2 protein chains.
Amino acid sequence: MSVKPPRHRLPPLNAMRAFEAAARLGGISRAADELCVTPGAVAQHIKALEDWAGAALFSRHARGVTLSDLGQRCLGDFEAAFDQLHMATQNLRIRAAPNSIRIAALPSLAQLWLSPRMPGLRARFPDARISVAALEQPPNMEREGYDISVFLETNADGSASPAEVLAADHILPVCAPALAAQLQHPADLADVLWLRDSIWEQDWALWLEKAAVELPNLPDSVSFSLYSLAVEEACNGAGVLMGHKALVERHLSDGSLVAPFADVVPTGKVITARLRSGDQRDLPAQILAALRLTRA
Amino acid sequence: MSVKPPRHRLPPLNAMRAFEAAARLGGISRAADELCVTPGAVAQHIKALEDWAGAALFSRHARGVTLSDLGQRCLGDFEAAFDQLHMATQNLRIRAAPNSIRIAALPSLAQLWLSPRMPGLRARFPDARISVAALEQPPNMEREGYDISVFLETNADGSASPAEVLAADHILPVCAPALAAQLQHPADLADVLWLRDSIWEQDWALWLEKAAVELPNLPDSVSFSLYSLAVEEACNGAGVLMGHKALVERHLSDGSLVAPFADVVPTGKVITARLRSGDQRDLPAQILAALRLTRA
DNA sequence: TTACTAGGCATAGAAAAACTAAGGCAAGTG
DNA sequence: CACTTGCCTTAGTTTTTCTATGCCTAGTAA
């Protein structure tokens, strides 16, 4: 009669994942969002882990939860463990498909800056399989499976990770050539429809201030949730768009858009690319380097 | 319209666990055994991970599997990640119940060496909650939830982890006092029933050799899968047992067993205690130290 | 005071995942 | 040549996980 171990099982892996997410993000709802499940599911997982441990990891309040003393002390361990697990899966992914490159980019950058450069990139790296995902927020690159990110950051963002500045961000009004005829002086801007991007609402105010333009009144404006839609509409002659130089350079050079006023204003932001740390390949860095040099 | 991420999900956690176990143990059946499921379940998990990666992690043969090149290179990552996950759960456990101490011990040691010392231990550490599990094999202490292990090891086992020698292992024949009357000379051993432990079958041969005893014939013997059962039977006068000194010392001192012959033979093994590395408490080390000094 | 809202809890039922059992196969072994 | 070992596959079942719903509490606004 061999003594069969009443084996000490690990608590359920999913329960640990739920705890880690909720503790890191500071809320069950936020964890649920990250894990793509309902808050109820996360709450159940966390309860399961608490039952396993026999102690509370969170203290519950009417509005949200806070980590208990125990939870506080354990968060670091679990965070590190899951970091490693993510690292392991990323390594598995890139070893299984070494030529696969995933780029995460701001939607506007993906469409107006990155997209024109893709043909050049593909020509330079014919073996690479480059996919692009448009994200509103920069992802955690070590955790989600992106090898390169391209986002707009304020110049001061001195993060530790290896960042590469691809271009500065400058703005100036742009519009279709036909509409430009109506704009002789900056003051004429008060008489045309303005096109805005909904996440860059302050662009116009910034430009007016820095270009020292004073208008008697602010005209009507329409906003778009995607900058590329606003650019399309500007090309169609719908109005005047506050153009980001790096994003409309192609339209300016092919004449589909023109800049009626020369005042170019820096926004204080830069287009920044980052590599995923821990990637053992050379390809991502090569692609990033090529990205600096590639013209649209 | 916010751009909702087509979130990059991790592969299923259980699939990773199955891969890690199968890769580490070198077989699906062995992994199934460790995970307490059927091999079919493990095979399915591994296939799921391979599908996620888009490449094979094992090459299948008729007799067993071997790691593919890819699997080989990924094993280390996953092993490290799960090591950390186990570490995190152990830390959670001991933080939630700092006075809980779990000891893993060989069944015979648990019953005959450890058990008599427990009262002394409890008196010395009244707050500690000491539980004991009897295991045939030493557990992976970093992974399974044991804080102290007590096993019989060959002297040479120079493992890196902090080991503490509690006692050397010596053997000599023992029996009930009544039976001892029949044993005047070692040669008389040929005429009595021998009691054996099924995992220490060679004890008798070793003792006969080292004690330079030659017998004309070997007598009948019965074996027990638990040494403590054999000890009981010896006390009952059922026969002569090859006694391990450290395990029968209490019976020898209270007279329920006697040693008819004085030849004590070392087996080359030692009772060894180990602490789980990474334990941030002092209590386990204190208990181990006390264990050295505690008398039965 | 009186809604109203946000965030979390509890429960039941539904959906999905995991597991088992059974049959099959291929290559060593006696 | 039969037997054993170790794995695969599939179908069906069990278990887990998730969602949906209603409820509760404490801030916030009217």
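Chain identifiers are assigned alphabetically (A, B, ...) following the order of the sequence lines, protein sequences preceding nucleic acid strands; residue numbering begins at 1 within each chain. What you see is a predicted model; the values in this text were computed from it and never measured.
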* Are a donor atom and an acceptor atom from the side chains of B/S59 and B/S68 found within less than 3.5 Å of each other? -> no

* Asked: If you measure only the distance, is there a donor-acceptor pair under 3.5 Å linking the side chains of A/H244 and A/D169?
  -> yes

* What does nucleotides 18-26 of chain D look like as a protein-contact string, B for base, S for sugar-phosphate only, - for none, at under 4.0 angstrom between heavy atoms? -> BB-----BS

Can you tell me how far [atom2] of [N] sits from [atom1] of [X], to the nearest Å?
X     : N      : atom1 : atom2 : result
B/L25 : D/dG6  : CG    : P     : 13 Å
B/D33 : D/dG6  : CG    : C1'   : 14 Å
A/L49 : D/dT16 : CG    : P     : 16 Å
A/L57 : C/dC9  : CG    : P     : 12 Å
A/F58 : C/dG7  : CZ    : C1'   : 13 Å
B/L13 : D/dT16 : CG    : P     : 17 Å
B/D51 : C/dA17 : CG    : C1'   : 15 Å
A/K47 : D/dT17 : NZ    : P     : 15 Å

* Look at atom CD of A/Q137 and say whether more than 12 heavy atoms of other residues, nucleotides or ligands are closer to it than 6.0 Å. =>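 No, the 6.0 Å shell around CD holds no more than 12 heavy atoms from other groups.
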
* To do: Assess whether atom CD of A/Q111 is packed by more than 12 heavy atoms of other residues, nucleotides or ligands within 6.0 Å.
  => no

* Asked: Does B/R24 pair with B/E34 as a salt bridge, N-O distance under 4.0 Å?
  -> yes

* Single hit among A/R274, A/R276, A/R129 for salt bridge (charged side-chain N to carboxylate O under 4.0 Å, His left out) with A/D147 -> A/R276

* Asked: Are A/R60 and C/dC9 close enough that a side-chain N or O sits under 4.0 Å from OP1 or OP2?
  -> yes

